[in-house]
Amino acid sequence: MDEDFEFPVSSSNNAAAEEMDMDMGMGMGMDDVPEPDPIMKVDEEKEIGKTGIKKKLLKEGEGWEHPSKGDEVEVHYVGTLLDGTQFDSSRNRGTPFKFKLGEGQVIKGWDEGIKTMKKGEKALFTIPPDMAYGESGSPPTIPPNATLQFEVELLSWISVKDICKDGGIFKKILVEGEGWQNPKDLDEVFVKYEALLEDGTVVSKSDGVEFSVQDGYFCPALSKAVKTMKKGERVLLTVKPQYAFGETGKVASGDEGGVPPNATLQINLELISWKIVSEVTNDKKVLKRILKEGEGYERPNDGALVIVKLIGKLQDGTVFVKKGHNEEEPFEFKIDEEQVVDGLDKAVKKMKKGEIALITIQPEYAFGAFDSPQELAIVPGNSIVYYEVELVSFVKEKESWDMSTQEKIEAAGKKKEEGNVLFKAGKYVRASKRYEKAVSFIEYDSSFSDDEKQQVKLLKVSCNLNNAACKLKLKEYKEAAKLCSKVLEIDSKNVKALYRRAQAYIQLFDLDLAELDIKKALEIDPDNRDVKLEYKVLKEKIKEYNKKDAQFYGNIFAKMNKLEQSGEAKNEAAPMAIDSKA
């Protein structure tokens, strides 16, 4: 928020001014006062904040936007004293008045009043002396301590924004853009621009150039500015040296002119379009660049059958796979079934019907470290690959809310079996997802019959136990313990749940809890070989822990004894002090 302060009124300027549009240049600054209730009826009058300014609405404006500090506003006005004497009028001159809002170019009452208006609005402002010309007035037309009235019509404004909040780049909007979205760092923008020195010399120009926002182009200001723009927006940038070419300037090269050290640039910039680039994976190793927007909002889910057209290429342009082109049938596959490379699987899941995207996939999500023969070429090990994909259509796997109770039980059983196959193959992450999906089908339905409830109970127990086994393999011990606890809420005497939770607790060094679970398991099943073996492991851990504990405290006690002995020696060596005054 800007500080509240006033610019001093120049009495010499007031005396010299002959017209109101000149007098207004000697006004005050713009305070951050609360705006009035935006909902006003025609002929209704309200005070603006606590400024003493009154506003009477004469004609409603358009839309909901108001001009902001720094915007260049254009108004018509008629100024009168309270007795009706007119002292100035832009209408009589036939020319609208323009000024920068909130920059002290007009009286303070104008800055405060006009920022509450909408485009096309007409209002009557009654402005007290301290928000106008004060004790001095503006001779000969405005007496001292005069309350003034202005009928103001806000014709339009051009927004001027300090986009870095440090005065380094000012953006004046010449043509409004469409929509509400702005490009992000990963996106690729297509712009037109012309950069000029303050004397009008053109130093760089392009009728169309594409670049990644995060990589930038020409000078840092372009990337900063495009992130604040909408499609089709055209702006004039005033760029200070720190966002241009700084203290060193720029040497002329090719078609581009030189930029002197510490030069300020004027840049005309138009954002024509941009391609959205998104991170498919959190590690940024799979990126999706949208070439053509899809339709609707739905996307494939795990298990969905998708139909695509695709071309796979290496970095040098070598095509290694091509499907659905040249009258060939499109390619079908199921999401999350390992029918395509992992990166492609994950990316298609984030596409909409009809969308065309370029997907960049690092080796970890593609073909890995070894050569991989494909349909049209061999993909060398550690290759980055590129897929241009069109999602022709897809059929989502049925969601639980579209199923009957029996269908939910059948779907959960199927996912459980898929998880078992994946677990046996050592694919623990994917197996875990299957078990989680199985439980999601049956977790929150209260309409199961008594027989179905029994089936659901058994499925929940087996899926959570199997998932806990996955988590133990993945060393996600806290999750494993939670899953076992869920089982024990259903079946408090489940030996497998107690056993696996004990395994998790041992790895988390919660040895007391592990011992409680093992003892309880042995009470239920005294001859269980696995539990007995785990108890031996636990006892060794406890023994090892106690040994380290004893060693740790032994070291501490040894140090304490040394300190005590050292202290005693010092006490013995110190001479006895006597009171010399005795």
Side-chain angles (χ1 to χ4, degrees), residues 278-282 286 288 290 293-308 310 330-355 357 359 389-423 427-468 470-471 476 479 482-483 486-487 489-490:
S278 57
E279 297 171 2
V280 175
T281 56
N282 292 332
V286 182
K288 178 170 76 79
I290 297 176
E293 286 284 352
E295 55 190 69
Y297 61 91
E298 286 201 327
R299 294 177 172 86
N301 59 357
D302 284 341
L305 178 67
V306 299
I307 299 176
V308 299
L310 62 83
F331 177 55
E332 279 187 14
F333 69 94
K334 271 194 171 186
I335 297 287
D336 198 35
E337 292 288 348
E338 294 188 317
Q339 295 175 4
V340 293
V341 295
D342 194 29
L344 181 59
D345 204 60
K346 292 179 185 298
V348 172
K349 191 178 170 183
K350 291 182 177 287
M351 295 177 69
K352 301 174 185 175
K353 182 182 176 182
E355 182 180 323
I359 300 160
V389 181
E390 178 183 351
L391 180 53
V392 178
S393 65
F394 61 90
V395 179
K396 293 178 78 171
E397 183 171 78
K398 203 170 185 180
E399 299 286 4
S400 62
W401 52 81
D402 293 323
M403 297 179 181
S404 67
T405 54
Q406 194 55 45
E407 283 177 324
K408 290 178 183 179
I409 292 169
E410 289 171 4
K414 183 181 176 186
K415 289 297 175 188
K416 176 195 161 187
E417 292 307 317
E418 291 174 4
N420 293 347
V421 172
L422 290 165
F423 185 89
K427 297 174 181 178
Y428 304 120
V429 172
R430 298 187 64 235
S432 176
K433 283 175 66 179
R434 290 295 196 277
Y435 296 132
E436 285 169 7
K437 185 70 174 177
V439 172
S440 74
F441 283 126
I442 54 178
E443 197 160 17
Y444 300 113
D445 199 315
S446 59
S447 58
F448 290 115
S449 68
D450 290 340
D451 287 343
E452 288 173 336
K453 283 178 183 176
Q454 190 58 33
Q455 294 177 64
V456 165
K457 178 181 173 181
L458 293 172
L459 275 169
K460 282 183 182 178
V461 166
S462 60
C463 287
N464 282 327
L465 277 174
N466 292 354
N467 198 5
C470 292
K471 299 300 184 185
E476 296 176 15
E479 291 303 313
K482 284 179 186 176
L483 288 162
K486 284 185 177 182
V487 172
E489 286 172 11
I490 299 170

Would you say [X] and [Y] make side-chain contact, with heavy atoms under 4.5 Å?
{"X": "Glu418", "Y": "Lys437", "answer": "no"}
{"X": "Lys416", "Y": "Arg434", "answer": "no"}
{"X": "Lys486", "Y": "Lys460", "answer": "no"}
{"X": "Val280", "Y": "Ile359", "answer": "no"}

Heavy-atom closest pair, residues [X] and [Y]:
{"X": "Ile442", "Y": "Phe448", "answer": "O-CE1, 3.8 Å"}
{"X": "Leu310", "Y": "Leu344", "answer": "CD2-CD2, 4.2 Å"}
{"X": "Ala412", "Y": "Leu459", "answer": "CB-CD1, 4.0 Å"}
{"X": "Ser447", "Y": "Thr405", "answer": "OG-CG2, 3.4 Å"}
{"X": "Ser432", "Y": "Cys470", "answer": "N-SG, 3.9 Å"}
{"X": "Asp402", "Y": "Glu407", "answer": "O-OE1, 4.1 Å"}

For Lys396, is there any backbone N or O sitting under 3.5 Å from a side-chain donor or acceptor partner on Asn301?
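No; judged by distance alone, with no hydrogens or angles, the pair does not exist.
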
Quick one: does Tyr435's side chain have a donor or acceptor within less than 3.5 Å of a partner on Asn420's backbone?
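Side chain of Tyr435 to backbone of Asn420: a pair is present.
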
To the nearest 0.5 Å, what is the distance between [atom1] ([X]) and [atom2] ([Y])?
{"X": "Leu458", "Y": "Cys463", "atom1": "CG", "atom2": "SG", "result": "10.5 Å"}
{"X": "Glu436", "Y": "Lys415", "atom1": "CD", "atom2": "NZ", "result": "12.5 Å"}
{"X": "Arg430", "Y": "Leu422", "atom1": "CZ", "atom2": "CG", "result": "5.0 Å"}
{"X": "Lys408", "Y": "Trp401", "atom1": "NZ", "atom2": "CH2", "result": "10.5 Å"}
{"X": "Lys482", "Y": "Lys471", "atom1": "NZ", "atom2": "NZ", "result": "10.5 Å"}
{"X": "Lys433", "Y": "Asp302", "atom1": "NZ", "atom2": "CG", "result": "4.5 Å"}

Which residues pass the ring-ring contact (aromatic ring centres under 6.0 Å, His included) test with Phe394, sequence neighbours left out?
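ring-ring contact (aromatic ring centres under 6.0 Å, His included) list for Phe394, sorted by chain: empty.
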
With Tyr428 via ring-ring contact (aromatic ring centres under 6.0 Å, His included) - residues at least two apart:
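With neighbours one apart ignored, the set is Phe423.
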
For Thr281, enumerate each residue passing the side chain to side chain contact (heavy atoms under 4.5 Å, CB included) test, keeping only those at least two apart in sequence or located in another chain.
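Side chain to side chain contact (heavy atoms under 4.5 Å, CB included) check on Thr281 returns Asp283, Lys285, Val286, Lys346, Tyr365.
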
Atom NZ of residue position Lys353 - does it have more than 12 heavy atoms of other residues, nucleotides or ligands inside 6.0 Å?
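Incorrect, the count does not exceed 12.
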
Can you establish whether the number of heavy atoms outside Asn282 located under 6.0 Å from its atom CG is more than 12?
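No - once you tally the heavy atoms of other residues, nucleotides and ligands closer than 6.0 Å, there are 12 at most.
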
Pick from Val348, Ile307, Leu305: which one makes a side chain to side chain contact (heavy atoms under 4.5 Å, CB included) with Phe333?
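Output: one option passes, namely Val348.
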
Assess the residue pair Lys352 and Arg299 against the criterion (side-chain contact (heavy atoms from CB on, under 4.5 Å)); give the C-alpha distance rounded to whole Å, side-chain angles, the decisive distance to 0.1 Å, and a yes or no.
CA-CA 5 Å; Lys352 301 174 185 175; Arg299 294 177 172 86; 3.2 Å; yes

Under a 4.0 Å N-O cut-off, is there an ion pair linking Lys349 with Asp336?
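No, no charged N to carboxylate O under 4.0 Å.
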
side-chain contact (heavy atoms from CB on, under 4.5 Å), that's the test. Do Met351 and Lys288 meet it? Break it down for me.
CA-CA 9 Å; Met351 295 177 69; Lys288 178 170 76 79; 3.8 Å; yes

